[in-house]
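Predicted, not measured: the structure shown is a model, and the values here were computed from it. No hydrogens, no waters, no symmetry mates; every other heavy atom, side chains included, goes into these values. Letters A, B, ... are given to chains in the order of the sequence lines, protein chains preceding strands, and every chain is numbered from 1.
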Amino acid sequence: MDLPENLFKFDIIANDPNTHARCGVFHTAHGDIPTPIFMPVGTKATVKGLMPFQIRDLGAKIILNNTYHLAMRPGADLVEEMGGVHEFMRWDGPILTDSGGFQVFSHNEFMKLTNDGVRFRAVDYDGRWVSWTPEDNMAIAEKLGSDICMQLDQCPGYPATKDYVARAVELSSMWGERCWNAHTRPDQALFGIVQGGMHMDLRLRSLAHLEECGDFPGYGIGGYSVGEDHETMYETLEPLVAEHMPKNKPRYLMGVGNPTTLVRAVASGVDMFDCVLPTRTARMGTAFSSEGRLNLKNARFAHDHGVLDERCDCPACRGGFTRAYIHHLVRQKEMLGGILLSQHNIRYLLALMERVRAAIAEGRYAEFYRDWMNSPAANDF
RNA sequence: GGGGAUGUGGCACAGCGGCAACUGCGGCGGACUGUAAAUCCGCUCCCUCUGGGUUCCUUGGUUCGAGUCCAAGCAUCCCCA
């Protein structure tokens, strides 16, 4: 395979003059990723309910898969045998695989640290104990063949004692180094992950260690949106990103998909986001809109002739599917309801990010930010 | 005409002497942030609501106490003529 010369380079196209926002392009073997960007989540090698061409038509440039889930089912060897995860799921654009650290550590009662890794129960599958080292995790990621893989990390929840978070930072740092040393696949970028909870000193320690142990082509920012309120998150997130993280590398705020948080985090200099929020809430009957969130299950939509959002160009809105119809689908638990809403919500976030990029490119992000914060939707997210 | 069965909250069902009454559906609302999630959680007789009032086809009875037992009536369903 011929690898492009600019592989994993991050070209910054514009820096907003009044905020820390920037727009750029990150180059991968399966295509360029414009930033800032939102990445739809397709945990088990599928964005639930959507065909790859539909995901592409919504404007998605990169999607997520999950190493842990795919390792459990159908197994990394099988995916490799089938030609890698792109071929397996028939998506030829960039793919980022999350390590599974989030999953492993979200069930603390079924997890224990070992000398060189973790043991945990595959609670969502057969419940058996699985042992993982950072090296194992890299081997799986390489078999899957994603364009970007994430280091194995420990994601502490909130609230957590500083001591506990400090240990998570130590462990994540050590694992980041081991992942860096174990990772060999040249067409796959490995991102380190900054942890440290709501403690600035721990965040900086985590970042410093990652910078020492390898030349990561990008950095994840983990351990936010784990139960803390928004202002608590911004207290450390904003200075961390705006003042301390390397400017020439993409910064990926993991697990955040609230539109208002996206807009604000971009102003601090975040480049990438992912979140299950648009797709999960879609399947549960919620639509994102310029009016805020709409719960399509509500009786008030039963006779509503309007589309989900007049300003939206998603298939559901372009197709003229009324709120009344989608209300009916959702209430009857018809598959199409979740499918239409998933497309709508993904499009909502991708369109938002398109406007974000345009605003940055034109040097008017401060204005965009102000307008967003004054919009009716801003307070509802 | 004869025989049998059943009547419980919007619907379907449970209940076999201590019940404002199990459960499911329906209805109303909420949650969802690197997907254990097309899931989960409330509320759903009335009121002046950490209490009170009326309920289980109707009426009467037995009992400290009846949706539950007895009697009569009404209604519905099934079988035989």
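Of the listed residues (A:L349, A:I63, A:L96), just one forms a side-chain contact (heavy atoms from CB on, under 4.5 Å) with A:M39, and that residue is A:L96.
Between A:N298 and B:C28 there is no side-chain N or O to OP1 or OP2 distance below 4.0 Å. Contact between the side-chain N/O atoms of A:S225 and the OP1/OP2 oxygens of B:U33 is not found at any separation under 4.0 Å. OP1 or OP2 of B:G30 has at least one side-chain nitrogen or oxygen of A:N295 nearer than 4.0 Å. A:Q103 has a side-chain polar atom (N or O) that falls below the 4.0 Å cut-off from OP1 or OP2 of B:U35. For A:R293, no side-chain nitrogen or oxygen approaches OP1 or OP2 of B:U33 to under 4.0 Å. Between A:R300 and the phosphate of B:G29, there is no side-chain N or O to OP1/OP2 separation shorter than 4.0 Å. Residue A:R280 places none of its side-chain N or O atoms closer than 4.0 Å to OP1 or OP2 of B:A38.
Between the C1' atoms of B:U54 and B:G67, the separation comes to 15 Å (whole Å). Taking the P atoms as reference points, B:G27 lies 32 Å from B:U35, given to the whole Å. B:A14 sits 15 Å from B:U6 when the C1' atoms are compared, rounded to a whole Å.
The residue A:G257 sits close to a base: some heavy atom pair falls under 4.0 Å. Contacts of A:R121 with the nucleic acid, taken as non-hydrogen atoms under 4.0 Å apart, are absent. Among the protein residues, A:L96 comes within range of no part of the nucleic acid, since none of its heavy atoms lies under 4.0 Å from any strand.
Put simply, the side chain of A:T279 and the base of B:U35 share a donor and an acceptor less than 3.5 Å apart.
When both distances must be under 3.5 Å, the Watson-Crick or G-U wobble mate of B:C40 is B:G30. Applying the Watson-Crick and G-U wobble criteria (two distances, each under 3.5 Å), B:C56 pairs with nothing in any strand. Of all nucleotides present, only B:G18 satisfies the Watson-Crick or G-U wobble test against B:C64, with each distance under 3.5 Å.
Using a 4.5 Å heavy-atom threshold, the side chains of A:R347 and A:L352 count as separate.
Note: CG (A:L262) to P (B:G34) measures 13 Å, nearest angstrom.
Taking the nucleotide of RNA chain B with the nearest heavy atom to each of A:K333 and A:G42, the more 5' of the two is matched to A:G42. Nearest-nucleotide assignment on RNA chain B puts the 5′-proximal partner with A:D153, out of A:D153 and A:K44.
With respect to the salt-bridge test (charged N to carboxylate O, under 4.0 angstrom), the residues A:K143 and A:D77 qualify. In this structure, A:E291 pairs ionically with A:R323, as a charged nitrogen and a carboxylate oxygen lie closer than 4.0 Å.
Between A:Y325 and A:F321, the ring planes are parallel. Angles under 30° get that label, and only those over 60° would be called perpendicular.
Anti is the classification of B:C11, since its glycosidic angle lies more than 90° from 0.
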